[in-house]
Every structure is written in structure tokens, then in C-alpha cells.
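Report on the structure given below.
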2 protein chains.
Amino acid sequence: MKKRTLIHDIAKHLEVSIATVSLVLNGKAKEHRISDALATRVLKYVEEVGYKPNQLAKSLRTGKTHVIGLLVEDIANPFFATVAGLIERHALARGYHILYCSTENDTAKAKDLIAMLQDRHIDGYIIAPPAGVEKEIEALLRNGIPTVLFDRYLPSVPTDYIVVDGEAGAYEAACHLLDQGLKHVAFLTTESDQTQMAARLGGYARAMQAHGQPLTVQRIPLAFEGDKEHSVVAIGQFLEDNPTCEAIIFANNSLTVYGLEAIARLKRRIPQDVAVISFDDNDLFRLHSPPITAVAQPVEALAETLINVLLDGLDTTRLTPPDRQQIVLPLSLVVRGSSVR
Amino acid sequence: MKKRTLIHDIAKHLEVSIATVSLVLNGKAKEHRISDALATRVLKYVEEVGYKPNQLAKSLRTGKTHVIGLLVEDIANPFFATVAGLIERHALARGYHILYCSTENDTAKAKDLIAMLQDRHIDGYIIAPPAGVEKEIEALLRNGIPTVLFDRYLPSVPTDYIVVDGEAGAYEAACHLLDQGLKHVAFLTTESDQTQMAARLGGYARAMQAHGQPLTVQRIPLAFEGDKEHSVVAIGQFLEDNPTCEAIIFANNSLTVYGLEAIARLKRRIPQDVAVISFDDNDLFRLHSPPITAVAQPVEALAETLINVLLDGLDTTRLTPPDRQQIVLPLSLVVRGSSVR
DNA sequence: GTGAAAGCGCTAACAT
DNA sequence: ATGTTAGCGCTTTCAC
């Protein structure tokens with residue numbers, strides 16, 4: 001257990017004061033009129049012995065941790081995992097690390113998590129909030145902690161957020177089916193009424209109404225641990241109860257996976273017996289037989305915008321507070337075989 | 001920006017000393033013979049005002065951050081994302097948070113990452129190491145920082161690790177194909193010679209030799225960002241160069257996805273033209289047409305073992321240092337349609 | 001230009 | 001039994 005070099009050791013060795021070393025290290029040499037020669041000497045020695053300041057001490061002193069808290073529904077979900085990967089890349093490039101937490105869309109768990117992260121004095125938050133955490137988000141904002149929501153937002157809380165235009169995406173998806181003459185188009189969604197799910201449902205409803213068709217909406221219970229079978233069975237049941245259903249729009253990627261399983265078990269053919277469109281794309285949808293039509297999220301743009309908006313809020317050098325950023329990114333319908341008769 | 005309550009405020013309000021509050025909060029009331037009545041009074045008031053100690057200050061003082069660093073190849077890869085999700089659940093239950101980093105299997109990046117995490121005084125590490133980080137891992141160990149490797153290990157460094165029996169898994173996979181009378185079985189792997197890839201290759205080779213068949217091994221370049229096309233093309237090229245190839249074992253999940261794409265483009269039929277087995281399973285492999293046979297990783301056991309071994313190392317109350325844990329978990333071949341003639 | 005010193009909020013050894 | 005106090009390692013103001 002070799003002892004780490006401290007700033008004290010550096011100062012002693014160079015026979016200068018601790019303050020000088022610190023100032024040089026933090027790029028404040030110029031403004032404190034420290035000679036270039038000395039600054040270089042310090043930098044050189046620091047490099048030589050590989051001195052690295054203790055971030056804990058630094059954070060305690062400055063109040064900045066350079067850590068971003070990422071709260072997603074489930075890090076194992078391909079959509080969130082992809083976003084996490086992209087965010088990490090951008091964050092790291094700008095000197096931030098990421099602490100992730102999966103909320104499982106559970107209000108109580110999310111509240112706990114936010115409380116724990118606050119104790120750690122995280123610099124900022126990127127959150128896909130479950131319902132019911134308005135108070136906590138407001139508290140974060142009130143405390144001046146930059147927070148950006150994504151995927152869904154909380155209508156009653158004026159925060160920055162980056163979401164996608166699920167209404168338009170679902171509308172386009174439904175029209176794509178209806179325009180082919182399919183009539184009985186069903187919308188399978190979760191039990192959540194969060195904004196993203198409501199928007200998708202709304203887009204579907206608008207399309208159906210525009211085409212003079214009645215709605216068929218079924219909510220499927222979705223479990224995070226283990227019990228996937230339950231969801232598959234529920235979708236199977238729906239299929240059996242609705243033999244005239246010609247097409248299904250699955251409101252998220254998990255539902256699509258369970259749905260494909262249910263459809264396969266019942267030996268229904270896609271798209272002949274039932275056409276399928278998935279919200280959220282997946283690498284393997286392209287390779288499915290038939291390939292699955294998907295409403296694809298602009299994950300790269302989403303991740304990049306998220307980190308930019310957050311770091312903008314974190315930028316303490318700015319004079320005016322940044323404007324509220326409430327950004328709605330466009331979705332794209334990737335038409336593949338599963339939705340074409 | 002409301003001011004947080006400090007331990008000082010608690011002490012003042014209760015007219016006791018800071019030390020008393022701290023001791024009670026850290027469960028050391030008994031051993032310092034603080035009266036139950038006082039302890040309860042402190043706890044009650046702390047609860048009442050919702051006081052939470054500043055973890056930064058606590059960490060600086062105690063040297064413990066209760067943060068675990070998780071270094072994976074790519075958090076967006078389903079295998080690593082799944083492991084990350086499971087690890088998180090266990091870690092959280094035991095009071096640890098997780099800082100994740102994607103190494104992209106890049107040596108330099110991994111070194112940087114380890115250095116950065118060390119500055120943060122992370123309590124322990126769970127690492128899927130790229131090649132060439134022996135020095136850094138040794139340094140971690142020398143500094144007494146619990147570190148557990150997984151998925152692959154570094155033969156020259158005596159660490160704890162949890163891996164899977166890739167040799168046996170690949171042997172079983174190859175035999176499954178050979179026993180059906182398939183002869184020209186190819187093994188598509190990455191350019192990496194890390195232990196997990198070497199083991200898989202070794203198992204394949206042993207099976208081929210046991211069946212008196214020559215080896216067909218092709219290494220496919222694998223990119224992390226963007227350039228997936230390159231890998232798909234390389235696999236396509238392999239297929240065209242080896243028209244007699246009757247079966248392929250893909251050495252990891254990314255290769256399988258690219259491989260399926262390449263096979264589809266060339267309109268080869270699975271398993272009639274070419275049988276397929278994937279290392280690493282995926283939810284969607286079951287739903288593929290035909291369903292893809294996979295060598296499945298015991299992800300739950302892996303995650304649980306990882307966290308247990310790590311937290312065991314973190315347990316400072318133990319008298320003897322824990323034994324080296326070098327655990328090899330069994331893999332299971334999930335036979336599906338893609339590998340059965 | 002440079003250095004001394006006051007904390008950031010907490011823990012725990014030591015004193016009482 | 002409870003209180004006092006010296007740090008953990010760093011940043012930054014202010015005096016020289």
C-alpha cells in the first residue's frame with residue numbers, strides 16, 4: 001500500500017507553497033501572476049511523479065464532484081443501455097463520470113435514489129422519471145442542481161427535457177397501417193400514463209379517428225424482474241380475444257419482444273395474420289423474419305443533446321442562466337416487412 | 001437554494017456535542033456508552049429534520065466512498081448491460097453505488113479510466129479487462145483495493161476472477177454440430193487473444209480434433225463505434241470464400257448479429273445451407289427464424305458471485321484476508337433450430 | 001508574485 | 001458518559 005503523493009509533498013520538494021502548486025494546477029497561475037518559469041517547473045515535477053489530486057478533497061472543498069447521476073428505467077433495457085453508452089462517451093470527453101441507477105419506473109425507488117445521490121453531491125442529473133417524483137425534481141431545481149429529464153417529462157414541473165415526438169411517431173405508424181387498408185389496428189401499451197406513453201397513445205388515437213376507425217387499446221402489465229411470462233401470456237390472451245385484429249402497434253421495445261413471442265406461440269404469421277410495428281428499434285429487428293417495422297429513436301441526437309443541455313446548466317462561468325430547454329426530437333418510421341401486406 | 005442541515009446544527013439543537021451525534025449515527029453509541037435515551041433522542045431528531053451526512057466529507061474522512069467502479073467493454077452491449085443491471089441491484093441492496101465506464105476493450109482507455117477512478121477513491125473494482133492492463137491491476141492490488149475481474153482474466157496477475165467455462169461451452173457447441181454429421185464447422189472470432197476468446201477457440205479446436213476435422217478459424221475485425229458494416233462485409237467475404245462451410249460458431253454476441261446479417265444478405269438459409277451457434281444468448285435469438293442456438297452465460301450467477309466476492313474483499317471487519325476466488329461458472333448450450341439439420 | 005491560514009463537513013482518538 | 005479537537009487533502013482569500 002504505497003502512499004500517494006500529496007500536494008504538500010510537491011510543494012515541499014519544489015520549495016514553494018502549497019497554494020502556488022494548487023494555483024498552477026488549476027490554471028490560475030496567470031491571474032495570480034505566477035512566473036511562467038515556476039509554473040512550468042511545477043507542472044513538470046507533477047507530471048514526473050504522477051501526482052493526481054484527491055478528487056474527494058477537491059470535491060469537498062469546491063462542491064463540485066464532476067459526477068453526473070443517470071437515472072433510467074432499467075440499464076439492461078437496450079434503449080437505455082444505448083443511451084447510457086452514448087452519454088458516457090460525451091460525458092467522459094468533458095471530464096464527467098456517470099453514476100447510474102435503475103428506477104424500474106418505481107416511484108419510491110426513484111425517490112430513494114435521488115436522495116442518495118444528493119448526499120453524494122452529484123453535480124447534475126439526467127433522469128427518465130417515473131410518475132410521482134415531482135416534489136423531488138422540484139427540490140433539485142430549487143437547490144440549483146442542473147437536471148434534465150428525458151424520454152418522458154413531468155408536465156407540472158418546469159424543467160429542461162429532451163423527449164421525442166411520440167405523438168407524431170405513433171400517428172405515422174398507425175397511418176402506415178391504415179393506409180394499406182388495414183382496419184382493425186390495435187395499440188398495446190403499458191399500464192403507465194407517463195407523457196411518452198400518453199403521446200404514443202394519442203398519436204394512435206388521432207390516426208384511427210382520422211380514418212374513422214374505433215380504437216383497440218390494451219394495457220399489458222410489465223414486470224422488471226423475472227416474470228416476463230406474465231406479459232407474454234397477457235398479449236397471447238389479447239390475440240385470442242381479438243381474432244379480427246389485423247395489426248398491432250407495440251408501444252415500447254419490451255412489449256414488442258413479448259408480443260413477438262406471443263404471436264409465435266399462437267403460430268400467427270406476420271404480417272399476413274397480424275402486421276406489427278414496434279416503438280423503439282433494435283439491431284435484431286432488422287434480422288427478424290420478417291424484419292420488424294419500427295419507430296426508431298434518434299439515440300445519438302438524444303444523448304448528445306442531453307449532455308449538452310446538462311453541461312450548459314453546469315457551466316458556472318456563464319452570466320445569465322441558460323434558457324429552459326424543452327426539446328422534442330423527431331422520430332423516424334423504419335418500414336420493414338412486418339407491417340407491409 | 002435552501003441550506004442543508006449539518007451535524008453541527010443537530011448537535012446545537014439537541015445541546016449535545018457533535019461527537020455524540022456522529023457516534024450515535026454511526027452505531028457506535030453502545031461502545032461509547034451513550035445512554036439509550038440520548039441515542040434515541042438524537043435519532044428521532046435526525047429523522048425529523050431529515051438530516052443526511054455529506055457523503056463527501058464522510059468519504060474524505062473515512063477513506064471509504066461506497067462506490068464500486070464497473071469497467072466493461074461496452075455498456076450498450078446486451079451482455080454487459082445485463083450484468084450491469086444485476087450487479088447494480090445487488091450493490092444497491094448493500095449500500096454501494098456504481099460508476100460505470102466502457103473501455104471499448106482499448107488498453108489506453110482502460111488505463112486512463114482506472115487512473116481516474118483511483119483519484120476518486122473508489123472502494124473496489126469489477127473489471128472486464130482489455131489486454132495489457134496487467135501493471136494497473138497489479139497496482140490496484142498492491143494498494144489493497146479489492147478488484148474482481150470477470151468474463152476474462154489476466155493469466156500473469158493473481159487476482160480474484162469470475163469467468164465461464166468457455167472451453168467446455170465451445171467444445172459442447174462444436175460437438176453438437178459434428179455429432180449431427182456436419183463436417184466443415186467454422187469458428188468466427190475476434191482479433192482478441194484474451195482468455196475468454198482463447199478458451200472458446202480452444203474448445204472448438206479440441207472438438208474438431210476429436211472428430212478428426214481440420215480447423216477453419218477466421219478472425220473478424222470488430223469496431224465499437226459506427227463501422228459495423230465492416231464486420232458484416234468481412235463475414236460475408238468469409239462465407240463466399242468458404243462455400244463448403246456447413247456450420248459456423250460465432251464467438252460472441254456481436255459477431256452473431258453481424259453474421260446473421262451477412263447470411264441474410266447472401267440469402268443463405270439457416271440451418272440448411274449453414275447451421276449457426278452463438279456464444280452469448282439474446283432475448284431475440286429465441287424469436288429468430290429459425291431460433292438461434294446459443295451458449296448461454298449464467299448472468300445472474302455471474303453478477304451475484306461478482307458482487308459477493310467483491311464485497312467480501314471490502315469487508316474490513318474480517319480477521320484473515322479472504323482467499324483468492326477464481327471461479328469458473330458452467331455455460332449451457334441452449335439448442336434451438338439454427339443448429340439442427 | 002508568493003505564502004499562511006481558514007475552512008469544506010465529518011469521524012474518532014483523546015481528554016474529562 | 002460526553003465534549004474537544006485534530007485532522008482527511010484540497011482551494012482560495014488575503015496579507016505580504
Side-chain angles (χ1 to χ4, degrees), chain A residues 1 3-43 46 49-66 118-123 316-317, chain B residues 1-43 45-46 49-66 118-123 316-317:
Chain A
M1 179 99 80
K3 227 172 63 241
R4 278 181 78 90
T5 309
L6 304 182
I7 193 167
H8 176 98
D9 304 327
I10 304 286
K12 192 146 78 181
H13 178 94
L14 294 174
E15 296 181 310
V16 298
S17 90
I18 288 184
T20 306
V21 179
S22 174
L23 257 13
V24 169
L25 251 29
N26 291 293
K28 308 212 167 141
K30 280 273 172 292
E31 85 195 52
H32 279 255
R33 287 175 273 188
I34 288 169
S35 70
D36 277 6
L38 179 52
T40 320
R41 202 155 66 88
V42 171
L43 257 13
V46 162
V49 299
Y51 165 72
K52 296 285 187 63
N54 177 331
Q55 294 299 322
L56 283 171
K58 193 165 180 166
S59 295
L60 178 59
R61 187 60 241 243
T62 62
K64 301 263 139 258
T65 51
H66 275 242
Q118 277 200 272
D119 300 339
R120 290 194 181 281
H121 289 235
I122 297 288
D123 285 353
T316 50
T317 65
Chain B
M1 180 99 81
K2 76 169 175 234
K3 230 177 55 247
R4 279 180 76 92
T5 309
L6 304 182
I7 194 167
H8 176 93
D9 305 328
I10 303 286
K12 192 146 77 180
H13 178 94
L14 294 175
E15 296 182 307
V16 297
S17 90
I18 288 183
T20 306
V21 178
S22 174
L23 258 11
V24 170
L25 251 29
N26 291 294
K28 308 208 168 144
K30 281 271 173 294
E31 94 195 44
H32 279 257
R33 286 174 276 187
I34 287 169
S35 70
D36 278 5
L38 180 53
T40 319
R41 201 155 66 89
V42 171
L43 258 12
Y45 183 66
V46 162
V49 299
Y51 165 71
K52 296 285 187 62
N54 177 331
Q55 294 300 322
L56 283 171
K58 193 165 180 166
S59 295
L60 177 59
R61 187 60 241 240
T62 61
K64 301 263 139 259
T65 52
H66 275 246
Q118 277 199 272
D119 300 339
R120 290 194 182 282
H121 289 236
I122 297 287
D123 284 353
T316 51
T317 64

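In what follows, chains are A, B, ... by sequence order, proteins preceding strands, each numbered from 1.
B/Lys12 meets the side-chain hydrogen bond (donor to acceptor under 3.5 Å, both in side chains) test with no other residue; sequence neighbours excluded. A/His121 meets the ring pair (Phe, Tyr, Trp, His ring centres under 6.0 Å) test with no other residue; sequence neighbours excluded.
Checked by atom type and distance alone, the side chain of A/Asn54 pairs as donor or acceptor with a backbone atom of A/Leu56 at under 3.5 Å. Side-chain atoms of A/Ser59 come within 3.5 Å of backbone N or O of A/Gln55 as a donor-acceptor pair.
Residue pairs meeting the ring pair (Phe, Tyr, Trp, His ring centres under 6.0 Å) criterion with at least one partner in residues 18-42 of chain A, sequence neighbours excluded, are absent.
Remark: A/Arg4 does not engage A/Asp9 in a salt bridge, criterion side-chain N to carboxylate O under 4.0 Å.
Distance from the side chain of A/Lys58 is smallest to D/dT11 among C/dG9, C/dA12, D/dT11. Side-chain proximity of A/Asn26 to D/dT2, D/dC10, D/dT11: nearest is D/dT11.
Two end axes, each from the C1' atoms of five base pairs, can be drawn for the helix from C/dG1-D/dC16 to C/dT16-D/dA1; they diverge by 50°, to 10 degrees.
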Enumerate all atom pairs, one protein N or O and one N or O from nucleotides 6-8 of chain C, separated by less than 3.5 Å.
unit_1	atom_1	unit_2	atom_2	d
C/dG7	N2	A/Arg61	NE	3.4
C/dG7	N2	A/Arg61	NH1	2.9
C/dG7	N3	A/Arg61	NH1	3.3

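If you measure from atom NE2 of B/His121 to atom C1' of D/dC8, you get 10 Å, rounded to the nearest angstrom.
Side-chain contact between A/Leu14 and A/Arg41 is present, with at least one heavy-atom pair separated by less than 4.5 Å.
A heavy-atom distance below 4.0 Å to DNA chain D is reached by these residues of residues 18-25 of chain A, ordered by number: A/Ile18, A/Ala19, A/Ser22, A/Leu23.
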